[in-house]
Amino acid sequence: MKQFLDLEDIPNINTIISDAISLKKEPFSFEYLGKNKTIGLLFFNSSLRTRMSTQKAAQNLGMNTMIMNLNADVWGLEFEDGTVMNAGTAEHIKEAAAVISQYVDIIALRAFPSLTDKEKDLEETVIKSFQKYASVPVVNMESATAHPLQALADAVTIAEFQQKKKPKVVLSWAPHPRALPHAVPNSFAKMMQLIEVDFVITHPEGYELNPEITKNTPIIYNQDEALKDADFVYVKNWSSFKNYGQIDCTDQNWMMTLEKLGNAKFMHCLPVRRNVVVTDEVLNSSQSIVIEQANNRTWSAQVVLKHILENL
Amino acid sequence: MKQFLDLEDIPNINTIISDAISLKKEPFSFEYLGKNKTIGLLFFNSSLRTRMSTQKAAQNLGMNTMIMNLNADVWGLEFEDGTVMNAGTAEHIKEAAAVISQYVDIIALRAFPSLTDKEKDLEETVIKSFQKYASVPVVNMESATAHPLQALADAVTIAEFQQKKKPKVVLSWAPHPRALPHAVPNSFAKMMQLIEVDFVITHPEGYELNPEITKNTPIIYNQDEALKDADFVYVKNWSSFKNYGQIDCTDQNWMMTLEKLGNAKFMHCLPVRRNVVVTDEVLNSSQSIVIEQANNRTWSAQVVLKHILENL
Amino acid sequence: MKQFLDLEDIPNINTIISDAISLKKEPFSFEYLGKNKTIGLLFFNSSLRTRMSTQKAAQNLGMNTMIMNLNADVWGLEFEDGTVMNAGTAEHIKEAAAVISQYVDIIALRAFPSLTDKEKDLEETVIKSFQKYASVPVVNMESATAHPLQALADAVTIAEFQQKKKPKVVLSWAPHPRALPHAVPNSFAKMMQLIEVDFVITHPEGYELNPEITKNTPIIYNQDEALKDADFVYVKNWSSFKNYGQIDCTDQNWMMTLEKLGNAKFMHCLPVRRNVVVTDEVLNSSQSIVIEQANNRTWSAQVVLKHILENL
């Protein structure tokens with residue numbers, strides 16, 4: 001792997017899933033790979049799981065880590081070409097990416113969408129600019145429209161818990177008090193099209209994700225019907241894609257309950273708002289595999305970094 | 001040791017003090033213990049000494065360190081059971097503690113009291129919830145009512161400087177412009193009941209600490225009388241426990257001076273406000289052992305982490 | 001080297017430049033030097049290049065690093081003697097520096113000037129107080145009036161790119177929307193007096209730097225005349241020294257262009273505001289060596305730390 005901007009960068013999805021499971025068993029077996037190598041973790045947005053799991057993954061591989069919180073207020077980056085930079089931005093991405101590339105061997109980056117400027121978010125300006133001007137591999141730790149490290153952890157979790165060759169997986173929208181990005185459901189939907197599952201999406205009418213991502217995945221507006229015989233139910237809120245970034249539905253009937261879940265395993269990327277997105281009852285039950293799923297963030301990051309280190 | 005929430009977790013106080021003094025002489029002698037082990041340092045409040053000394057202690061033991069500043073604004077944690085989380089808090093401690101436990105081998109935590117809700121502070125909700133839901137050992141880097149790493153450093157410092165078998169130790173209240181927590185004086189008072197000293201407390205009337213902590217320690221309201229023939233004087237401000245979190249006294253006569261100190265050694269946990277809590281003259285004199293005391297924070301943290309690592 | 005407060009601490013400038021170039025070729029050749037040694041990087045101001053390059057340099061030498069962001073709001077330090085500390089400052093530099101010295105083997109410090117109190121800035125209160133009260137070597141990562149690590153990286157860059165024995169180097173002022181410190185031009189001007197170059201400064205009348213630093217360096221107010229036959233042009237904004245901290249000129253004619261640059265190499269410490277300080281055309285041309293210059297920040301820091309470690 002030469003970079004990890006999105007799931008397309010994975011050469012073979014089944015190999016990488018089984019590699020991740022191997023690393024989980026022997027976390028330090030490739031410690032020599034990262035010796036005298038440094039990863040820079042750059043956060044334009046706050047992070048708990050992603051930050052800790054990626055740092056852990058890098059340290060398991062013997063790498064040094066350097067963490068920078070690049071709050072937009074502190075360090076205004078310019079992404080446009082030809083700007084007269086006499087206002088808020090102090091440094092152009094051309095210099096920033098080229099300079100940072102000299103201090104680290106891999107750049108990992110988190111930069112959320114605006115949720116106001118649809119076109120710009122879809123262009124993935126921040127991570128694509130880093131990739132364009134960096135001279136080292138770039139890893140996506142959640143960008144405007146994608147969270148591939150999460151989706152890889154999700155696939156590993158399904159592989160570990162699946163009881164049949166082709167399980168039924170449902171992505172089920174849930175209400176939330178704040179407008180959330182599409183990165184997690186986008187990457188999950190893409191991943192489900194790459195592995196051997198029976199995948200459907202359920203959400204209120206009008207909450208369709210980007211059709212270029214969901215492609216011909218069945219969308220069923222009736223949640224009960226969609227959930228029927230599910231093996232894994234992935235619950236997640238997202239804001240409207242059509243009315244970009246808006247909260248068009250707050251209907252609590254979309255909250256996941258134990259009754260709706262049936263015998264399925266419950267998945268969520270966390271953090272999760274209890275009794276809004278899902279009931280306490282579900283999270284406290286043995287059907288919830290969210291903690292194991294969060295654990296797999298380490299192995300998902302580690303397998304990606306391992307493959308990149310092998311190609312440095 | 002399986003955890004370090006408070007001084008009760010220390011199996012043998014004299015052994016741990018002498019172990020700390022040994023580590024001070026040979027800081028790297030147990031470097032192998034922490035190999036491929038990670039400590040997560042989680043700060044809900046800012047920290048200088050605690051952060052640097054605990055990080056140093058962990059690194060001396062060969063551990064990797066991950067530091068998270070969990071400012072309440074950034075990462076609202078929910079501690080109540082059964083809440084409908086549709087307001088400020090984004091993640092429940094049940095998930096947070098369980099998830100972090102998978103990325104680290106030890107969780108160290110700093111979380112100050114509210115100083116407004118006495119009952120909640122006394123319940124030690126934050127650190128007790130972490131302990132309840134974490135699957136790895138939890139270390140107290142100062143909680144609502146206790147600062148046991150500081151008290152252990154204090155005991156090590158007294159052991160190093162004492163000239164007689166049973167020295168007289170005085171905890172003397174001092175004025176301060178801000179309302180401060182009870183954690184430091186609480187833990188110091190508990191520690192003084194565990195080692196062989198003649199211990200008295202002096203403070204203005206009405207400034208009694210929690211009597212469940214001071215127990216039958218003599219309280220002398222006359223500072224001069226309390227300080228008589230003292231070998232060690234530990235000066236510290238705290239806000240009222242009775243009128244919880246209030247500043248009821250600002251009497252500068254309680255400030256420590258060289259005259260009052262007599263021949264005693266001067267101790268303080270730092271940071272200290274000069275010429276408010278204590279005069280320049282005292283701090284600049286050879287009777288002040290505050291710098292050595294701060295140095296012992298490293299060995300206090302290191303001996304605790306060593307004992308926990310040995311039991312992992 | 002026992003410390004690195006300013007360029008005067010370098011015993012032999014040509015030796016250190018060639019040492020830096022050697023380290024660049026073999027970054028890990030002195031990895032053993034920093035084993036079980038810790039550097040504390042203390043930032044009173046934000047930092048990208050300095051933070052990453054100094055952390056990298058320390059890690060290349062095998063050191064542990066501890067980073068503290070000491071934002072003035074969070075941690076008010078008192079620098080005056082004899083103050084009654086009943087207001088904003090919570091800790092005196094006497095305690096802070098002495099305590100930190102016990103947790104680290106080297107203290108590296110960044111503290112910008114006020115740009116309002118000229119006398120205080122010229123006294124270099126922050127870094128000089130740390131040096132006075134610390135018991136370990138102090139390294140300047142940019143102080144009120146000096147940025148010697150930058151100047152050393154600049155000298156290394158000139159050594160790498162120079163085509164003749166005594167190249168002509170021009171320091172050329174440029175406009176900027178914000179009032180900037182004098183640290184970078186000061187240290188560059190001092191460095192140019194230490195190496196074998198033909199050095200001139202050009203800026204609008206009234207923008208003279210501190211004459212105690214520029215000494216007998218020729219100052220030419222006509223930019224075209226100054227730039228004639230230049231081999232290296234170092235472009236940099238600074239605020240007025242005479243009208244201390246003021247922006248007296250915003251004349252865009254001082255912006256560097258490819259036409260003005262002639263055949264010279266273009267240097268800048270970064271971050272740089274495109275089309276305000278210098279045109280896109282210059283930065284995008286092969287005459288710009290700003291990325292290589294930023295790369296040399298690592299080797300400049302590493303050679304300084306190496307010399308200090310050898311004297312610990």
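Letters go in sequence order (proteins before strands), and every chain restarts at 1. Note that these values count all heavy atoms, side chains included, but never hydrogens, waters or copies made by symmetry. Quantities reported herein were computed from a predicted structural model and do not represent experimental measurements.
Of the two parts of Asn60(B), neither the backbone nor the side chain holds a non-hydrogen atom closer than 4.5 Å to a non-hydrogen atom of chain C. Using a 4.5 Å cut-off between heavy atoms, Thr89(C) touches chain B through its backbone atoms (N, CA, C, O) alone. Using a 4.5 Å cut-off between heavy atoms, Pro271(B) contacts chain C through both its backbone and its side chain. Interface remark: Thr38(C) contributes side-chain atoms only to the contact with chain B (heavy atom separation under 4.5 Å). Thr65(C) touches chain B through its backbone: at least one of N, CA, C or O sits under 4.5 Å from a heavy atom, while the side chain does not. Contacts of Asp280(B) with chain C are made by side-chain atoms alone, with heavy-atom separations under 4.5 Å and no backbone atom involved. Contacts between Leu270(B) and chain C at a heavy-atom distance below 4.5 Å involve the side chain alone, from C-beta outward. Proximity to chain C (any heavy atom under 4.5 Å) is restricted, for Glu31(B), to the side chain, taken from C-beta onward. At a 4.5 Å heavy-atom cutoff, the contact between Leu283(B) and chain C is made by side-chain atoms alone.
Under 4.0 Å is where a charged nitrogen must lie from a carboxylate oxygen, and between Lys94(C) and Asp81(C) at least one such pair does. Salt-bridge formation is detected for the pair Glu95(C)/Arg274(B): a Lys NZ or Arg NE/NH1/NH2 atom is positioned less than 4.0 Å from an Asp or Glu carboxylate oxygen.
The most heavy-atom pairs under 4.5 Å with chain C, out of Ile67(B), Thr279(B), Asn275(B), Val272(B), come from Asn275(B). In terms of heavy-atom pairs under 4.5 Å with chain C, the best-connected choice from Thr298(B), Val277(B), Val290(B), Ile291(B) is Ile291(B).
Ring geometry for Trp238(B) against His203(B) counts as perpendicular: the plane angle is over 60°, on a 0 to 90° scale with 30° as the lower cut. Relative orientation of the His268(B) and Phe266(B) rings is parallel, given thresholds of 30° and 60° on the angle between their planes.
Two rings, from His147(C) and Phe112(C), have their centers 6.0 Å or more apart.
A cation-pi arrangement is found for Lys306(B) relative to Phe30(B), the charged atom lying closer than 6.0 Å to the ring centre and inside a 45° cone about the ring normal.
If you take OG on Ser47(C) and CE on Met52(C), they are separated by 10.0 Å, rounding to the nearest 0.5 Å.
Under a 3.5 Å cut-off, the side chain of Tyr207(B) and the backbone N or O of Asp248(B) do form a donor-acceptor pair.
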